[in-house]
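Since the structure comes first, as structure tokens, the remarks are kept for the end.
Every number for a ligand or one of its atoms is a count from 1 in the order of the listing.
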Amino acid sequence: MKVGVYTSGGDAPGMNACIRAVVRTALHAGKSVVGIYQGYQGMIDANFEEMTSRSVSNIIQLGGTILKTARCAAFRTAEGRQQAYEHIKAAGIDALIGIGGDGTFSGAEVFSREFDIPVICIPGTIDNDLYGSDFTLGYDTATNTVIEAIDKIRDTAASHDRLFFVEVMGRDSGCIALNAGIAGGAEAILLPEKSMGIDTLCSQLETAANSKKASTIVIVAEGEENGGAYKVAKEVKERFDFYDTKVTILGHLQRGGSPSSFDRVLASRLGYAAVKRLLAGESRVMVGLWGNEIKATPLEEVLNRKVFKLSEDMLEMMEVLSI
Ligand code: F6P
């Protein structure tokens with residue numbers, strides 16, 4: 001067996017630790033491993049490299065992905081996938097391990113069915129928005145990055161008695177926003193999954209102002225319904241002109257950085273499990289963490305089940321703790 005490993009979609013801290021685990025577990029089992037650069041684009045372009053144990057030395061602590069990544073539109077077409085298959089076959093690759101999010105998984109699922117290639121997927125995205133794993137690679141690191149930023153903003157916000165709107169990533173997922181908001185002591189959090197209009201936000205801010213808070217921080221997830229931090233800040237300022245408002249968009253800095261110990265361990269466990277499952281003959285599954293166990297879920301189920309990882313309890317608690 002020759003295993004091809006690739007990363008695809010948005011990079012996430014922990015991807016390198018996971019590549020390392022896949023490569024070394026496969027080599028340990030006497031299989032050879034090929035690194036596929038730039039995800040599906042690399043299959044179409046035949047951008048491959050034979051991996052040795054030394055190819056993955058000294059990468060466990062690095063953010064990003066040494067295999068690079070891409071969002072590849074050509075792979076959504078039958079012609080693109082046919083070309084990818086021909087290159088993979090010519091390189092002798094007969095099984096795949098893909099690390100990424102739902103876009104990566106839908107590509108893997110179709111490709112595996114069309115060309116009868118075994119494939120195992122590993123959840124890697126800072127959004128933590130996949131069914132079948134309590135956590136995805138990169139989410140813990142990204143949340144810690146956001147908390148560090150909130151702490152710093154709090155220093156200056158308190159010094160000037162200011163109201164800050166901090167926009168965090170998560171187009172469809174409020175996991176980073178909610179958890180970083182709680183850990184950073186935010187006064188309010190706007191999430192994509194739960195509607196909160198400007199009226200409700202303003203009444204929460206009024207409560208904060210009445211309790212003589214020196215600073216107020218509102219976390220705005222990028223996909224929430226009011227249109228993002230700048231718009232929300234403008235509307236609030238129009239109603240409460242006594243507030244000195246500021247906006248910080250954290251953006252892509254949330255995707256970088258050295259992975260946390262949690263992400264490194266999770267990446268190692270999932271990479272190891274993916275190879276083991278492949279060798280045991282499994283295919284078209286995603287390995288994930290349930291409780292503290294590694295389990296496999298069919299890709300079809302991962303793609304079709306809607307996931308809601310926010311708890312109403314936590315939302316309520318956030319309000320209570322911010323008074
Ligand atoms: O899926 C991860 C993520 O970082 C989202 O939170 C964000 O909306 C998106 O990727 C940004 O993608 P890109 O880097 O392609 O602009």
Side-chain angles (χ1 to χ4, degrees), residues 6-16 18 37-42 62-76 98-108 121-150 165-181 184 189-194 219-232 247-260 263 266-267 270 286 288 299 302-303 306-310:
Y6 61 98
T7 49
S8 164
D11 61 298
M15 280 183 163
N16 282 326
C18 194
Y37 285 92
Q38 289 187 308
Y40 297 117
Q41 192 59 52
L62 301 180
T65 160
I66 59 156
L67 290 178
K68 307 212 178 258
T69 185
R71 301 193 196 269
C72 177
F75 199 75
R76 293 203 199 102
I99 310 164
D102 54 357
T104 308
F105 297 175
S106 34
C121 286
I122 298 174
T125 162
I126 63 163
D127 291 349
N128 198 29
D129 59 350
L130 296 170
Y131 177 79
S133 191
D134 295 339
F135 299 103
T136 57
L137 298 182
Y139 163 69
D140 182 66
T141 307
T143 307
N144 281 306
T145 301
V146 173
I147 292 163
E148 218 181 299
I150 296 173
F165 294 87
V166 181
E167 187 174 297
V168 302
M169 272 186 167
R171 222 176 348 225
D172 307 307
S173 163
C175 278
I176 292 180
L178 179 63
N179 287 283
I189 306 176
L190 301 180
L191 303 160
E193 296 92 335
K194 198 174 166 17
I219 306 295
V220 184
E222 65 175 337
E224 64 79 42
E225 66 179 2
N226 299 293
Y230 278 109
K231 265 193 153 170
V232 175
V247 174
T248 303
I249 311 278
L250 295 181
H252 284 79
L253 72 80
Q254 294 162 90
R255 288 243 292 264
S258 184
S260 64
D263 276 328
L266 181 62
L270 294 179
M286 181 198 81
L299 285 180
V302 176
L303 290 166
K306 209 167 157 41
V307 67
F308 185 77
K309 288 187 178 158
L310 307 182

Can you sort out the partners of Y6 under ring-ring contact (aromatic ring centres under 6.0 Å, His included), two or more places apart, ordered by chain and number?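 Partners of Y6 under the ring-ring contact (aromatic ring centres under 6.0 Å, His included) test: Y40.
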Looking at residues at least two apart in the chain, or sitting in another chain, which of them share a ring-ring contact (aromatic ring centres under 6.0 Å, His included) with F105?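 Residues passing ring-ring contact (aromatic ring centres under 6.0 Å, His included) with F105: none at all.
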Donor-acceptor pair, distance only, cut-off 3.5 Å: does the side chain of T125 make one with the backbone of G100?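 Not a single qualifying donor-acceptor pair exists.
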Would you kindly say whether N144 and S260 are connected by a side-chain donor-acceptor distance under 3.5 Å? no
Check ligand 1 against the protein and report each N/O to N/O distance under 3.5 Å, formatted as atom name, atom name, distance.
from     : atom 1 : to   : atom 2 : distance (Å)
ligand 1 : 1 (O)  : D127 : OD2    : 2.9
ligand 1 : 4 (O)  : R255 : NH1    : 2.8
ligand 1 : 6 (O)  : D127 : OD1    : 2.7
ligand 1 : 6 (O)  : D127 : OD2    : 3.4
ligand 1 : 6 (O)  : G170 : N      : 3.2
ligand 1 : 6 (O)  : E222 : OE2    : 3.4
ligand 1 : 8 (O)  : E222 : OE2    : 2.4
ligand 1 : 10 (O) : R71  : NH2    : 3.3
ligand 1 : 10 (O) : R255 : NH1    : 3.1
ligand 1 : 12 (O) : R71  : NH2    : 3.0
ligand 1 : 14 (O) : H252 : NE2    : 2.8
ligand 1 : 14 (O) : R255 : NH1    : 3.0
ligand 1 : 14 (O) : R255 : NH2    : 3.0
ligand 1 : 15 (O) : R71  : NE     : 2.9
ligand 1 : 15 (O) : R71  : NH2    : 3.2

Side chain to side chain donor-acceptor pair (under 3.5 Å), paired with Y139, selected from D134, N179, N128, D127: N179
Please identify each residue that fulfils salt bridge (charged side-chain N to carboxylate O under 4.0 Å, His left out) with E148, with sequence neighbours left out. K152
